[in-house]
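The first residue of the sequence shown is numbered 1, and numbering continues consecutively from there. Atoms within a ligand are numbered from 1 in the order they appear, just like the ligands themselves.
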Amino acid sequence: MSPSPEKLMQYLLMLRNSGVTDKRVLHAMGLIPRDPFATGAFQDRAYEDTALPISSGQTLSQPSIVAKMTQALNPGPRDKVLEIGTGTGFQAAVLSQLARRVYTVERFSKLAQSANKTLNNLGLVNVTVITADGSMGLPNQAPFDRIILTAAAEDPPANLLAQLKTNGIMVLPVGQSSTVQTLIKITKKEIGLDYEELQEVRFVPLLSGLA
Ligand code: SAH
């Protein structure tokens with residue numbers, strides 16, 4: 001069920017007040033309903049700015065964080081984007097509105113299947129969900145214009161940096177899973193990497209191997 005116009009307006013205002021100023025990102029957030037990505041009773045809280053529990057002990061990220069990470073990633077209409085940590089598929093759905101192609105990788109096959117179903121139901125045909133260990137990246141589709149991780153790594157994974165194009169951008173939370181992490185934006189230059197710290201965040205850890 002899509003939200004009422006009032007609820008949607010409130011949600012978009014909340015996103016704007018939290019620091020999301022990019023009109024394309026706000027537009028994409030408005031086009032993707034969040035309730036189909038929430039589980040059972042939590043669908044009632046889909047338009048609140050809160051993370052929600054999903055199956056396999058994982059979480060649907062807070063919408064303002066999804067929007068801010070999308071804003072930092074700044075995907076363009078011709079871009080091929082890689083997301084590590086599909087979860088519900090919500091972040092991938094938002095990216096699908098801004099990029100040409102989205103590949104999203106999840107280590108729990110149950111979550112990947114459920115995300116795939118939700119994305120199909122919404123008719124989002126430019127997203128491909130893959131069950132794999134995302135810390136290896138996706139070598140057969142590399143290189144990518146943009147890479148986003150929605151699980152926290154202790155350091156930016158070298159495999160993923162290697163699959164990022166020159167002038168490409170990677171956004172990820174870094175830090176130990178038990179503490180507050182830092183959201184960072186890495187720009188790959190001709191020579192070297194540019195790091196920008198964005199804000200404190202809390203994500204589940206990036207784990208290796210299939211679940
Ligand atoms: N982006 C999601 C929320 C992410 S929760 C959404 O929009 O709903 C983080 C997800 O990362 C979890 O589902 C977890 O299983 C997954 N994950 C953790 N380590 C991973 C890895 N190495 N490869 C792929 N997925 C991983």
Side-chain angles (χ1 to χ4, degrees), residues 15 25 28-29 31-40 42-43 45-73 75 81-99 102-119 121-122 124 127-139 141 144 146-161 163 170-178 181 183 201-211:
L15 293 173
V25 174
M29 293 295 295
L31 287 175
I32 301 298
R34 190 163 177 262
D35 49 293
F37 297 92
T39 309
F42 291 109
Q43 288 186 334
R45 304 186 54 189
Y47 297 91
E48 293 174 23
D49 194 20
T50 175
L52 297 172
I54 57 172
S55 67
S56 307
Q58 306 302 314
T59 48
L60 165 58
S61 308
Q62 202 180 334
S64 62
I65 296 292
V66 170
K68 282 197 246 179
M69 287 175 79
T70 307
Q71 181 167 273
L73 195 68
V81 179
L82 174 65
E83 180 195 22
I84 307 303
T86 311
T88 63
F90 179 65
Q91 172 75 74
V94 172
L95 292 170
S96 79
Q97 301 303 295
L98 298 163
V102 179
Y103 292 90
T104 179
V105 182
E106 171 57 55
R107 62 189 287 278
F108 279 99
S109 70
K110 188 178 157 213
L111 289 179
Q113 280 169 33
S114 154
N116 193 39
K117 204 165 137 194
T118 312
L119 294 163
N121 287 342
L122 291 173
L124 305 175
V127 185
T128 305
V129 185
I130 295 137
T131 304
D133 175 1
S135 50
M136 313 305 286
L138 203 59
Q141 295 297 341
F144 297 94
R146 300 287 187 265
I147 299 179
I148 179 170
L149 278 81
T150 58
E154 292 195 9
D155 293 297
N159 286 324
L160 294 176
L161 284 170
Q163 293 175 27
M170 179 156 129
V171 171
L172 75 160
V174 286
Q176 306 275 333
S177 61
S178 52
Q181 305 135 7
L183 187 64
V201 285
R202 233 174 222 286
F203 276 87
V204 298
L206 183 75
L207 298 173
S208 48
L210 281 179

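For ligand 1, the atoms lying closer than 4.0 Å to a non-hydrogen atom of Leu111 are 13 (O). Close approach of ligand 1 to Glu83 is summarised as follows: ligand atoms under 4.0 Å from at least one heavy atom of the residue are 1 (N). Which parts of ligand 1 touch Ser61 is read off a 4.0 Å heavy-atom cut-off, strictly below it: atoms 3 (C). Ligand-side atoms of ligand 1 in range of Phe108: 15 (O), range being under 4.0 angstrom from any heavy atom. Taking a cut-off of under 4.0 Å to the non-hydrogen atoms of Thr59, the atoms of ligand 1 that pass are 3 (C), 4 (C), 5 (S). Each of the following atoms of ligand 1 lies closer than 4.0 Å to a heavy atom of Leu60: 8 (O). Per-residue contacts place Ser135 under 4.0 angstrom from the following atoms of ligand 1 (heavy atoms of the residue considered): 22 (N). Short contacts between ligand 1 and Asp133, defined as distances under 4.0 Å to a heavy atom of the residue, involve ligand atoms 21 (C), 22 (N), 23 (N).
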Exercise for the section: Report the C-alpha separation of Asn159 and Ser135 in whole Å, then their side-chain angles, then the decisive distance to 0.1 Å, and conclude whether the side chain to side chain contact (heavy atoms under 4.5 Å, CB included) test is met. Expected result: CA-CA 7 Å; Asn159 286 324; Ser135 50; 5.6 Å; no

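Checking Ile130, Thr86, Leu95 against atom 2 (C) of ligand 1, the nearest heavy atom belongs to Thr86. Evaluated by nearest non-hydrogen atom to atom 26 (C) of ligand 1, the leading choice among Arg107, Gln58, Met69, Gln91 is Arg107.
In this structure, the side chain of Gln181 engages the main chain of Phe203 through a donor-acceptor pair within 3.5 Å. In this structure, the side chain of Tyr47 engages the main chain of Arg34 through a donor-acceptor pair within 3.5 Å. For the pair Arg146 (side chain) and Leu73 (backbone), a donor-acceptor distance under 3.5 Å is present.
The protein heavy-atom contact nearest to atom 23 (N) of ligand 1 is Gly134 N, 2.7 Å. Among protein heavy atoms, atom 9 (C) of ligand 1 sits closest to Thr150 O, 3.3 Å. Atom 22 (N) of ligand 1 has as its closest protein heavy atom Leu207 O, 2.5 Å. The protein heavy-atom contact nearest to atom 13 (O) of ligand 1 is Glu106 OE1, 2.7 Å.
Residues Asp49 and Ser64 have side chains that bring a donor and an acceptor to within less than 3.5 angstrom of each other. A donor-acceptor contact closer than 3.5 angstrom is absent between the side chains of Ser61 and Gln91. Checking Glu83 against Thr104 by side-chain atom types alone, a donor-acceptor pair falls below 3.5 Å.
Ligand 1 lies out of reach of Ala92, whose nearest heavy atom is not under 4.0 Å from it. Taking 4.0 Å as the cut-off, Ala132 counts as a neighbour of ligand 1 on heavy-atom distance.
For the pair Val94/Met29, a side-chain contact is recorded, criterion being any heavy-atom separation below 4.5 Å from C-beta on. Looking at heavy atoms from C-beta onward, Ile130 lies out of side-chain contact with Glu106 at the 4.5 angstrom threshold. For the pair Leu124/Gln97, a side-chain contact is recorded, criterion being any heavy-atom separation below 4.5 Å from C-beta on.
Residue Phe90 touches ligand 1 through backbone and side chain together, judged by heavy-atom distances below 4.0 Å. Residue contacts with ligand 1 for Pro205 involve N, CA, C or O but no side-chain atom from C-beta outward (heavy atoms, distance under 4.0 Å). At a heavy-atom cutoff of 4.0 Å, ligand 1 is contacted by the side chain of Val204 but not by its backbone.
In terms of polar-atom proximity, Ile84 is not counted as a contact of ligand 1, lacking any N or O under 3.5 Å from an N or O of the ligand. Considering backbone and side-chain atoms together, Thr88 places an N or O closer than 3.5 Å to an N or O of ligand 1. Considering backbone and side-chain atoms together, Gly85 places an N or O closer than 3.5 Å to an N or O of ligand 1.
Screening Ile148, Leu82, Leu149 for a side chain to side chain contact (heavy atoms under 4.5 Å, CB included) involving Met170 leaves a single residue, Leu149.
For the side-chain contact (heavy atoms from CB on, under 4.5 Å) test, residues two or more places apart in sequence or in another chain that qualify with Pro53 are Phe42. Annotation: ring pair (Phe, Tyr, Trp, His ring centres under 6.0 Å) contacts of Phe37 (sequence neighbours excluded): Phe90.
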